[in-house]
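To keep things clear, I will list the structure first and then write my remarks on it.
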Amino acid sequence: MDDQNNYQDDEEQIEIPLDEIIIEEIVDDDDDEVVNQQPKDIPIVIGDSNIPYNNIVSPNLRGDGGISIDNTHLNNNNNPKNEDDIGSPSNYINGASNKKTLENDDQDQEDDLMDKDSKKKKKKPSAPKKNKDGTEVTSVAFRQLFRFADRIDFCLMFFGSIAAILNGAAMPCVSLIFGEIIDAFNPGKFNNDPGYGIEAAVTKISMWFLILGGIVFALSYLETTLWMIAGERQTNRVRTEYLSSILRQEIGWFDTNKSNELASRINSDTVLYQDAIGEKVGHFLHNISTFFAGFAIGFTKGWQLTLVITSISPLLAFGGGFMAKMMTEMTKQGQEAYARAGGIADENISAIRTVSTFSGETKAAEKYSNNLKDALKVGYKRAIFNGFGLGFVQLVILGTYALAFWYGSTLVSKKVNNDLTDRPWSGGDVVAVFFSVIIGATAIGQASPNLGAFAQGRGAAYKIFQVIDRVSKANPFSSRGITPQQLSGDIEFKDVEFHYPSRPDVPIFKGLNLRIKPGQTIGLVGDSGGGKSTVISLLERFYDPVGGQILLDGEDIKKFNVRALRQKIGLVSQEPVLFATTIEENIRYGKVDATLEEIQEAAKLANAHSFISQLPQGYNTMVGEKGVMISGGQKQRIAIARAIIKNPNILLLDEATSALDSENERIVQEAIDILMKGRTTILIAHRLSTIRNADVIVFVKGGVVVEKGTHDELMAMQNHYFRLVEKQQQQQINNILETGRSRRSSTFSDVNPLLDSFRPSARNLRARPNGQSSQKSSKGKKKKSAEDVPLSRVMKYSSPETLLFIFGVLAAVGTGGVYPAFSIIFTEMLTIFQHPDGDYVKSHANYIAIWFMVLAVGAGICNFFQAFLFSVIGEKLTFRLRRDCFKSIMRQDIGWFDLPENSTGKLTAHLASDASLVQGMTSQRLGIMIQNLMTVLGGLIIAFISGWKLTLVIIACFPLVVITGKIQMRFLNGYSESDGEGSGGAGQVASEAITGIRTVASFTSENQVLSLYKHQLKGPISNGIKKGHISGIAFGVSQLILFCVYCLSFWYGGKLVDNKEWPATNQEIASNCTPETVGVIWTDQATCEHAQDIILGFNSMMRVFFAIVLSAIGVGQASSFAPDIAKAKAATNSIFKLLDTQTKIDPNSTQGDKIDIVVGDIEFKNIHFAYPTRPNHNVFRGFSLIIQAGTTNAFVGDSGGGKSTVISLLERFYDTSVGEIFIDGHNIRNLNVKHLRSLFGLVGQEPTLFSGTIADNIAYGKEDSTQDEIENAARLANAHDFIVALPQGYQTPLGEKFTQLSGGQKQRIAIARAIIRNPKILLLDEATSALDSESERIVQEALENVMKGRTTLIIAHRLSTIQNSDSINYVKAGQIIERGTHEELLEANGPYKQLVSRQMNK
């Protein structure tokens, strides 16, 4: 990077309001250097190539202390008007004309964003934000959670908040009505009014319950529904923005951030985020409002008692605050552990073929399990803090009851005057104040779990927002920079220095200088790892050089708009990446608005049309995840068609034809020759025959150009290139020499207009075909046959925790018994308040207060153990389910992974969420259900004993409550299932895009991916909105029913009391109506007897009421968990379906025979086979073959003919439909699968490595291998020298997708991994296709040494590598049509000879 590009670093930055930020840099048109800094007077909004438009509104402090941009969007729906221009509105300013732009477009963003409140201060990059204890902040501010809300969301949240506040305030009003009812039963009223009627008084007061219930119904619906809808909308937007932010990052960022963890977070962390911004916010406001309203009523009704009760509130605040703080820390640690485990799952599932080949299922499961254990330890700590918090809160609340009634009884017994009511304190006043304050105080306790959810959401949002706020060095969404209509293709590398971000001490380029003229074809040659592919990565701006410049048409490449630049470049790499959609849609990634005719023409040019047409569904054939449903050659041809349809100005071919057989290579090369005309082309090839006629051949070694020229010029120099050609010529066997082929004129009479047009393409949304009709029908069938997993089976899965479960149940029973006991104690206290004798009230109230204290201590202990024990059970269950689910996934046969519903993205999404959701059937929720069951049973028993008539009337209302809960459960269960399917589809899109980021970036498909992702999210958000309405109605109806029950209970109870349903006994009358009381307390004997009837009736009525109502509250609490239980049931069905899925090919099975002494004889006998996803398309039709032990057998033929299928069947990736395969006379179906695969050493044409060190990857081939064995295997594979040259040698960690290694280096590590197994049978599928000539020669020699005495199967398109084979088999249309040695087949003058002739004529 030029020094002049950093001129701003030493300049003082004047900070001005954002709406007045102006462009200060003036670029001189002559020399492109910044010549002046001159302010303009026109206020304009600055744009930057690295910032999406919706980020430039209001700056906020990031969690790390730097400036981030608050995504308060410029439009209501957070979507740009044009899908093609996400992040690029018209108010962006292009700092230069189409030919000129600002210097250093990637670095000026931080300089341009200026703080509004601090003018004329020097702005320096700030350090990460720290807490007071010096630790780094790991969560965002709560208000930042809503940074993605638009106007509609703010309206929904505003009205939802108003409804929540009013709804919360309505609840303490019940205490006022209740206080009036208590006073209505005061027997002292009979002294003043002998004709006083209790029934009439209670009826009048009870009507207020109906009025309040109607209001609460409307408010409850609005509170729940509006917040749930707002949460769904914002989460949908965050998911999209998160994926958008990932897609806009430069490729170097992915080298240090694992894509599988990023994909995992989009599923797991956004769930926690939604939890923190949805209905729980409404519930939190509801509870806070209840708190303030309760205390307001308390202070206005009786300030003395309120102050006494309030004195306990600091303890509640302490408990809640401590709990929230610890939960935040524990959540953060747990998320990190689960993210690592999710990354391991993604890596192994996506590379399942390699895992199966090397029997790595157990290793993967252990690695996954170890990461889960870290999270389990965090879960234990969280359980302790959770239990302590809940137990402490319950202790304080019930302790408050004891204090309140003790003090209240003092006020009543001493007839203290209530200043606010201007009369002595009555029992009704005490109850009204007590209930209003306790309802308010309890609301704080009910709000504390929401604080935990907010803490988890803030922690999850921190990780998400870190990605969203990160400034990309090459943003494909930006509109800044030069947008050329066409490029001439003049390329120049000037003193380019470069190293990969993950390996800064290993320089790749050390002053590379290279000039490529417009229309030239440049061939890059050199050793593997020399930097050839890095040239392509720098041109595509996957990375930026750390020194020097790359000029394109005379302009620094950094000045170009990233998207426009990549649209003019076509890339075909040696490892093509296809997406799990149709062939048509994969080709359309090159040009989104392409018609079917254009797609077919591109496929014809790439020689792909014929094999596509033969498929049952033609261009609508699904290729499977990463293209696993088709052969390597077919994948390559589709990738070439995708590049052809793009019509680029600059063509980059990185081993573009390496996976093709000779015939297809010839035809595709001819199509590429047509495509190359008039275009600047850079070729990378290890086969020098493909670049011989390049205009300039460049030899790159040690990060610099050591020689360049035409083929003839370089041969005349007799230096590096000459020696390379000599080595390749010496490799050719039996006179098949690869001579440079002339640049042939096209055999096509008419050049397709596709190759002549350079029309800009408008990118429109195209949804991926998904076979909706078939899916719907199959889905319906599944629903009919699917049954819910019984709870007993889930509990059986927790059987190791039986002892913990027993104690947890006992604790839950104890907790459940608190409220029935409370109803008895509380009723006695209310009855005491009705007594007119002050001394009686005082003495009895003290006794009852002691019982309240005992109840408080018991409740605290029971709550602690219930929460702690069930949390531990839930954590262990989650661990066990995740572990076993992953094991179940790992043991499935390869055909299972080919199915669309078992894609990597969907499986990892289910692993991330389903197991934790099953806690809805155990964990704390199960404890709460047991607690509520005990509450209901205890309450009903007490109620029936106290008064069966009133109990039956109240119970008659229960069906309404139950029906409401059933409806809610039924609808929520359906929607939660469909949510899972929809999220899985979106997760698959995200996972594919993130893991295939280079392909997405190269073909500028970011908008297409985002559009598809948004399309996949439409279903879940629609269902989420429906779920919001249903939950709101159910919640409102259940609240209304509760108020109606209050009204009915007190009306009917008053009627029964008035009718003397519970008359006083003679003994009670005799003991209370004595000469000492009659005439002193009561006016006469009749009044006293009537009063005793009322007191006893009041006691019985209140006991029935509180026993039933508290039971109903318990049921209400249980139903409040309906969303969690509904999701838990759906997740449970999903998990146990996976666990029950049987595989015919179980790699973990100990059953099956083992061959004691392996010789290596192989026989294929009348094999018929079709892939599971294409049952109507037979690959083999009667395939038979005998391979003798110790022989080398080669397979040649057209791509897609079935060559690689031979290896797949031999490895038992699939089983044959008809026919048998034998090894040494043993049917492979009868052999132990792990033993069978241990006989093979497989090296594929697309090597897959795993995260970890190089030594770990080589040792993956053999358990307990020593360092000496690892190094010997690396030497045999010609990998030792380049490995030890790395700073960390064999301990070098491999980055994401191993981009720090060249293709040849990866292949050599894969070969070493196979060699270390010392296999009996060697399977080589294009094993040396990615190597340069020198490496190939040495590795080929090593392979030949390893092959000695072993049965070897070779698949190769380069016939020079197989001519010494003992048998060459020509495979076509699933049968062997020709077989023999090289000489025999040449004499036969058949298809093989034609293949040889085509290669000789090159």
Side-chain angles (χ1 to χ4, degrees), residues 171-193 196-209 212 294 297-298 300-302 305-306 309 401 404-405 407-413 415-416 418 420-421 423-439 822-838 840-841 844-845 848 946-947 950 1043 1045-1058 1062 1091-1110:
M171 300 311 294
C173 294
V174 173
S175 64
L176 295 176
I177 303 174
F178 192 58
E180 292 294 322
I181 285 180
I182 298 297
D183 283 342
F185 282 94
N186 190 332
K189 293 182 181 289
F190 293 106
N191 286 327
N192 303 324
D193 183 8
Y196 177 73
I198 289 180
E199 182 181 353
V202 171
T203 300
K204 183 178 179 182
I205 298 170
S206 297
M207 292 304 296
W208 281 103
F209 280 119
L212 191 60
I297 291 173
T300 56
K301 194 74 176 174
L305 181 57
T306 303
I309 300 174
Y401 293 175
F405 283 119
Y407 184 67
S409 64
T410 302
L411 295 174
V412 173
S413 63
K415 300 190 182 299
V416 175
N418 189 338
L420 298 173
T421 59
R423 58 178 171 78
W425 276 85
S426 67
D429 292 337
V430 173
V431 170
V433 171
F434 170 76
F435 267 110
S436 62
V437 175
I438 290 303
I439 287 173
F822 172 75
S823 67
I824 296 174
I825 298 172
F826 183 61
T827 301
E828 291 301 319
M829 181 64 79
L830 292 181
T831 306
I832 291 169
F833 283 151
Q834 300 291 46
H835 206 285
D837 186 356
Y840 178 91
V841 171
H844 284 72
I848 296 298
S946 301
L950 181 58
F1043 279 96
V1045 171
Y1046 288 165
C1047 178
L1048 178 62
S1049 301
F1050 285 118
W1051 169 78
Y1052 187 61
K1055 184 179 181 66
L1056 291 177
V1057 171
D1058 210 22
W1062 296 282
Q1092 299 311 310
D1093 291 338
I1094 297 299
I1095 290 173
L1096 182 61
F1098 174 79
N1099 181 284
S1100 299
M1101 183 196 77
M1102 283 299 176
R1103 189 175 294 176
V1104 170
F1105 174 77
F1106 276 106
I1108 294 293
V1109 167
L1110 290 175

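A quick note: this is a predicted structure, and the numbers were derived from the prediction, not measured. The basis for the numbers below is simple: all heavy atoms, side chains too, and nothing from hydrogens, waters or symmetry mates.
At least one side-chain heavy atom of Leu830 sits less than 4.5 Å from a side-chain heavy atom of Phe1106. Using a 4.5 Å heavy-atom cutoff, the side chains of Val431 and Ser175 are not in contact. With a 4.5 Å cut-off on side-chain heavy atoms, Cys173 and Leu212 count as touching. Proximity of Ser409 to Phe833: side-chain heavy atoms (C-beta onward) are separated by under 4.5 Å at one or more points. Looking only at side-chain heavy atoms (C-beta outward), Phe1043 and Val174 come within less than 4.5 Å of each other. Inter-residue side-chain proximity for Glu828 and His844 is flagged as unmet; no heavy-atom pair is nearer than 4.5 Å.
Pairing each heavy atom of Ile198 with each of Gly1054, the nearest pair is CG2-O, 4.1 Å. Nearest heavy-atom pair across Leu950 and Gly1053 is CD1-N, 4.0 Å. Between Val1057 and Phe1098 the shortest heavy-atom distance is CG2-N, 4.2 Å. Contact record, Asp429 with Lys301: OD1-CE, 3.7 Å, taken as the closest heavy-atom pair. For Trp425 against Leu305, the heavy-atom pair with the smallest separation is CH2-CB, 3.9 Å. The shortest non-hydrogen separation linking Ile848 to Met829 is CG2-CE, 3.4 Å.
From Arg1103, atom CZ reaches atom CD1 of Ile824 across 6.0 Å, with rounding to the nearest 0.5 Å. Interatomic distance, Met207 CE to Phe1050 CZ, rounded to the nearest 0.5 Å: 15.0 Å. Taken to the nearest 0.5 Å, the OG1 atom of Thr203 stands 7.0 Å off from the CH2 atom of Trp1051. The CE atom of Met1101 sits 7.5 Å away from the CD1 atom of Ile181 when rounded to the nearest 0.5 Å. Atom-to-atom distance recorded for Asp183:CG and Ile205:CD1 is 8.5 Å, nearest 0.5 angstrom. To the nearest 0.5 Å, atom CG of residue Leu1056 and atom CD of residue Glu199 are 9.0 Å apart.
For Phe822, the ring-ring contact (aromatic ring centres under 6.0 Å, His included) test picks out Tyr401, Phe826, Phe852, with sequence neighbours left out. Every residue two or more places apart in sequence or in another chain that forms a side-chain hydrogen bond (donor to acceptor under 3.5 Å, both in side chains) with Thr831 is listed here: Asn1099.
Looking at Thr306, its side chain does come within 3.5 Å of a backbone N or O of Gly298 through a donor-acceptor pair. A side-chain donor-acceptor contact under 3.5 Å links Ser436 to the backbone of Val433. Checking side-chain atoms of Trp1062 against main-chain N and O of Ser946 turns up a donor-acceptor pair under 3.5 Å.
Using cut-offs of 30° and 60° on the angle between ring planes, the pair Phe178 and Phe435 is perpendicular.
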Original post:
Under the side chain to side chain contact (heavy atoms under 4.5 Å, CB included) criterion, do Val202 and Phe185 qualify, and how do the steps go?
Top reply: CA-CA 8 Å; Val202 171; Phe185 282 94; 3.6 Å; yes
